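Structure record follows, encoded as structure tokens.
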Amino acid sequence: SASQDAAAGARWQQTPQEVVVELQLEKCKASEVRVDFLPRKVRVKRKDEVVFEGALFDKISCEESTWHLEDGKQLVMTLEKIKPSFWESLLEIR
């Protein structure tokens, strides 16, 4: 599936409180990137093209989740978990 392919390109690590996702992008400016945080979903667009989209393993706090671009090509997203726990995977297991 597309979401699994996208997840394959993402590195992630976690603490009980948060998940940090690193995603490699083609060189761009932060102004060309749009990240949508939804309670159970993350969508990343680069120049209006969706480069990552997936249903998350558990709920996140949209207000407290953040992102930044490093070196114009690595997107780092910090997802704040609603309830402290360890996720079995980044994306939901169907």
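Note that the structure is predicted; figures quoted are calculated from it, not measured. For the single chain, residues carry numbers from 1 onward in sequence order. Values reported hereafter were calculated over all heavy atoms of this structure, with side chains retained and with hydrogens, waters and symmetry mates removed.
Considering every non-hydrogen atom in both I60 and L79, the closest pair reads CG2-CB, 3.9 Å.
A salt bridge does not link E32 with R46: none of the charged nitrogens is closer than 4.0 Å to a carboxylate oxygen. Ion pairing between a basic and an acidic side chain is recognised when a charged N comes within 4.0 Å of a carboxylate O; R40 and E92 show such pairing.
Among residue pairs with one or both ends in residues 78-88, those qualifying as salt bridge (charged side-chain N to carboxylate O under 4.0 Å, His left out) are D58-K83; sequence neighbours excluded.
Note that CZ of R43 is 6.0 Å distant from CG of L38, once rounded to the nearest 0.5 Å. Annotation: the span from K41 atom NZ to D36 atom CG amounts to 9.5 Å, rounded to 0.5 Å. Rounding to the nearest 0.5 Å gives a distance of 8.5 Å between CG of L56 and OG of S65. A distance of 12.5 Å separates CZ in F57 from CZ in F86, rounded to the nearest 0.5 Å.
Within the 4.5 Å cutoff, the side chain of W67 has no heavy atoms near those of the T78 side chain. Counting heavy atoms from C-beta outward, V35 and L75 have side chains that approach closer than 4.5 Å.
Within a 6.0 Å sphere centred on CZ of R34, other residues, nucleotides and ligands contribute 12 heavy atoms or fewer.
With sequence neighbours excluded, the residues satisfying side-chain contact (heavy atoms from CB on, under 4.5 Å) with C62 are F37, P39.
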Could you tabulate the donor-acceptor pairs under 3.5 Å formed by side-chain atoms of residues 16-28, not counting sequence neighbours?
residue	atom	partner	partner atom	Å
E22	OE1	R11	NH2	2.5
Q24	NE2	Q74	OE1	2.6
K27	NZ	D71	O	2.9

